[in-house]
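Proteins come first, then strands; the chains are lettered A, B, ... in the order of their sequence lines, and each starts at number 1. Computed from a predicted structure; not experimentally measured.
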There are 2 protein chains.
Amino acid sequence: MRMSARSIHETLERLAALLRAETRRLGKPEGLQPVQIDALLYLDHCNRYSNTPQAVAEYLGSTKGTTSQTLKVLESKNLLAKAQDQRDRRVVRLHLTSKGRTLATTLANLPLLESALSQDSLDAESLGEELGGLLRALQRAGGFRTFGTCRTCRFLTPAEGGLLCGLTREALRLEETQQICREHEEPRD
Amino acid sequence: MRMSARSIHETLERLAALLRAETRRLGKPEGLQPVQIDALLYLDHCNRYSNTPQAVAEYLGSTKGTTSQTLKVLESKNLLAKAQDQRDRRVVRLHLTSKGRTLATTLANLPLLESALSQDSLDAESLGEELGGLLRALQRAGGFRTFGTCRTCRFLTPAEGGLLCGLTREALRLEETQQICREHEEPRD
DNA sequence: GTACAATGGTATCGAATCGATACTATCTAT
DNA sequence: ATAGATAGTATCGATTCGATACCATTGTAC
């Protein structure tokens with residue numbers, strides 16, 4: 001039984017539709033759209049190099065203009081605050097408010113997905129591996145940014161007294177290495 | 001390394017965003033939105049019990065109203081034709097035009113996905129298994145219709161001279177058993 | 001050092017999605 | 001025959017999204 005690209009395409013589309021509907025359901029009490037929730041979760045999980053409108057746009061696969069509106073909504077709901085970067089004054093830094101952090105934590109786990117993953121027939125471990133592999137393959141095929149964490153980044157370099165980002169030459173706290181980074185790159189074979 | 005529900009959630013979201021962007025790109029020359037393409041592909045691949053607006057709505061995880069608009073667009077582009085069902089005159093039957101069939105065939109394979117799946121690091125077989133398993137688990141958890149094919153349906157019954165749908169008691173041609181069915185149900189335990 | 005391109009971001013417009021609601025038509029159960 | 005369920009459409013308002021234009025800041029070429 002050969003597994004065709006079309007059948008995988010179909011399955012992915014069904015998964016995406018279900019996930020989207022569930023996200024919509026979950027965001028409804030807060031008056032949040034799926035895209036707004038995606039942005040919120042990203043900002044809750046990205047590092048200090050990656051909390052800009054541009055990065056959000058790339059992560060969501062959207063344009064700057066659309067993302068700007070999405071962020072405006074989150075700001076108007078007091079879920080995030082904007083601040084001008086001091087080094088590069090074109091750049092806006094996005095920080096979740098405590099209300100935003102709380103909401104992100106709530107929205108991060110989808111009940112539907114939780115209960116699906118807890119079923120005996122599923123091995124979350126190998127599922128995660130396969131999904132991750134597909135994502136990396138797609139990103140490689142399309143030349144997109146990978147948005148991974150330091151753990152799998154080719155720039156991560158051990159130094160005396162801790163870890164270092166080889167790109168910025170800055171020291172990284174341990175928690176930071178588990179956050180999503182816009183500059184993440186896979187090791188070269 | 002425990003694989004958390006959140007990280008799977010995140011990966012799925014990224015996959016969905018990439019797929020959606022790619023579908024958008026692909027549909028642009030035709031002036032079709034992603035949802036319209038999804039509906040087109042569904043109608044190209046569903047059986048005669050499942051080609052109604054209601055079924056499309058359930059498949060896409062959307063509402064009747066929204067789906068009605070989606071279908072209106074496809075109709076105005078001469079990609080599908082509506083016909084009243086003669087048995088139940090509330091029901092509208094949707095049939096792709098030859099133009100619609102052709103376009104569906106074109107849009108069914110995403111270049112990005114094809115090239116990702118062809119990479120050595122990926123085993124399309126086990127990926128398909130894992131994805132299918134996750135989809136079934138989600139459908140079970142949420143009580144959604146499964147939209148599978150006869151091959152995995154508990155209603156499929158062998159009869160003299162061919163196959164039979166145990167629900168409608170009608171004979172099925174072999175090709176039909178490979179199409180998506182709205183009445184599909186997984187075997188009980 | 002001054003022009004000029006590149007980059008980050010916002011504003012605005014029009015087309016489309018989407019949920020909600022209300023409505024019509026048809027079928028089914030009693 | 002009547003009530004209720006079901007299939008579908010129409011319409012409204014909020015939001016998404018791409019496209020375009022625009023502004024501010026930074027980087028680069030000369």
Rounded to the nearest Å, what distance is computed from the [atom1] atom of residue [X] to the [atom2] atom of nucleotide [N]?
X       : N       : atom1 : atom2 : answer
R182(B) : dT6(D)  : CZ    : P     : 11 Å
L71(A)  : dT16(D) : CG    : C1'   : 13 Å
Q36(B)  : dA15(C) : CD    : C1'   : 11 Å
Q54(B)  : dA5(D)  : CD    : C1'   : 12 Å
L74(A)  : dT15(D) : CG    : C1'   : 13 Å
L60(A)  : dT16(D) : CG    : C1'   : 12 Å
I37(B)  : dA16(C) : CD1   : P     : 14 Å
L94(A)  : dT10(C) : CG    : C1'   : 13 Å

- [ ] State, with a plain yes or no, whether a side-chain heavy atom of I180(A) is found less than 4.5 Å away from one of Y42(A).
- [x] yes
- [ ] Just grab all the ring pair (Phe, Tyr, Trp, His ring centres under 6.0 Å) pairs involving residues 60-82 of chain B, residues at least two apart or on different chains.
- [x] none
Task: Of all pairs that satisfy ring pair (Phe, Tyr, Trp, His ring centres under 6.0 Å), the ones with a partner from residues 79-134 of chain A, not counting sequence neighbours - done: none
Task: T11(A): side-chain contact (heavy atoms from CB on, under 4.5 Å) partners, not counting sequence neighbours - done: L15(A), L131(B), L135(B)
TODO: In plain terms, say whether E170(A) and R48(A) are close enough for a salt bridge, that is, a side-chain N and a carboxylate O under 4.0 Å apart.
DONE: yes
TODO: Give a yes-or-no answer on whether the side chains of E186(B) and T152(B) include a donor-acceptor pair shorter than 3.5 Å.
DONE: no
Open item on the list: On the nucleotide dG8(D), are OP1 or OP2 found under 4.0 Å from the side-chain N or O atoms that K72(B) carries?
Closed with: no
TODO: Please determine, for the side chain of V91(B), which listed nucleotide (dT9(D), dG8(D), dT15(D)) has the closest atom?
DONE: dG8(D)
Considering non-hydrogen atoms only, spot the tightest contact between [X] and [Y] and give its length.
X       : Y       : result
L172(B) : Y49(B)  : CD2-OH, 4.4 Å
L96(A)  : A104(A) : CD1-CB, 4.4 Å
P187(A) : R154(A) : CA-CB, 3.7 Å

Task: Atom pair CG (D123(B)) and CD (E130(B)), whose distance is rounded to the nearest 0.5 Å - done: 10.5 Å
Task: Selection: residues 43-53 of chain A, any non-hydrogen atom under 4.0 Å of DNA chain D - done: none
Open item on the list: Given the ring of Y59(B), does R14(A) sit roughly above its face, with NZ or CZ under 6.0 Å from the centre of the six-membered ring and within 45° of the axis?
Closed with: yes
Task: Under 4.0 Å protein heavy-atom contacts per nucleotide of nucleotides 18-30 of chain C, with B for base, S for backbone only and - for none - done: BBS----BBS---
TODO: Take the C1' atoms of the five end pairs on each side of the helix from dG1(C)-dC30(D) to dT30(C)-dA1(D), get both axes, and report the angle to 10 degrees.
DONE: 30°
